[in-house]
Amino acid sequence: MKSAVHFEDTLRDLLNNTAGLRCDFPLTAEGKVQRSGYPDLRIIDLESKRVFYFGPKTLCYRNRNSSFRAFYFEPRKATKQSPQ
């Protein structure tokens, strides 16, 4: 199992055990679970009904000082794959 998948699963479990939050995998526009790709997790504040998308990243310890990053942030009001 990839460490990133294990990390996401652990984080999802912790968030789901936090009062007032619900965390799961995002859905596609067709309503199917999207496990691969970005964003990785969909977090809902149950009181406000606000939705947050989160993409945690892991890295190899020996590469921590590298300036290379294999991910990029592009702000947008709506994702291309997930319904709002």
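If you're wondering where the values come from, they're calculated on a predicted model, not measured in any experiment.
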| query | Any link between Phe54 and Leu14 through a network of hydrophobic side chains (Ile, Leu, Val, Met, Phe, Trp, Tyr) touching at under 4.5 Å? | reply | no

| remark: Closest heavy-atom pair, Leu11 versus Leu41, reported as atoms and distance to 0.1 Å, is CD2-CD1, 3.9 Å

| said: Which heavy atom of Asp40 sits nearest to which heavy atom of Gly55, and what is that distance? | reply: OD2-CA, 3.2 Å

| remark: Nearest heavy-atom approach of Pro56 to Glu8 is CG-CG, 3.9 Å

| note | Nearest heavy-atom approach of Val51 to Ile44 is CG2-CG1, 4.1 Å

| request: Work out which heavy atom in Arg42 is nearest to a heavy atom in Phe25; give both atom names and the distance. | output: CB-C, 4.4 Å

| field | Heavy-atom closest pair, residues Asp45 and Glu47 | value | OD1-N, 3.0 Å

| From Arg22 atom CZ to Asn16 atom CG, the distance as rounded to the nearest 0.5 Å | 4.5 Å

| After noting the C-alpha distance and the side-chain angles of Leu21 and Leu46, does the key distance pass the side chain to side chain contact (heavy atoms under 4.5 Å, CB included) rule? | CA-CA 6 Å; Leu21 295 179; Leu46 298 175; 5.9 Å; no

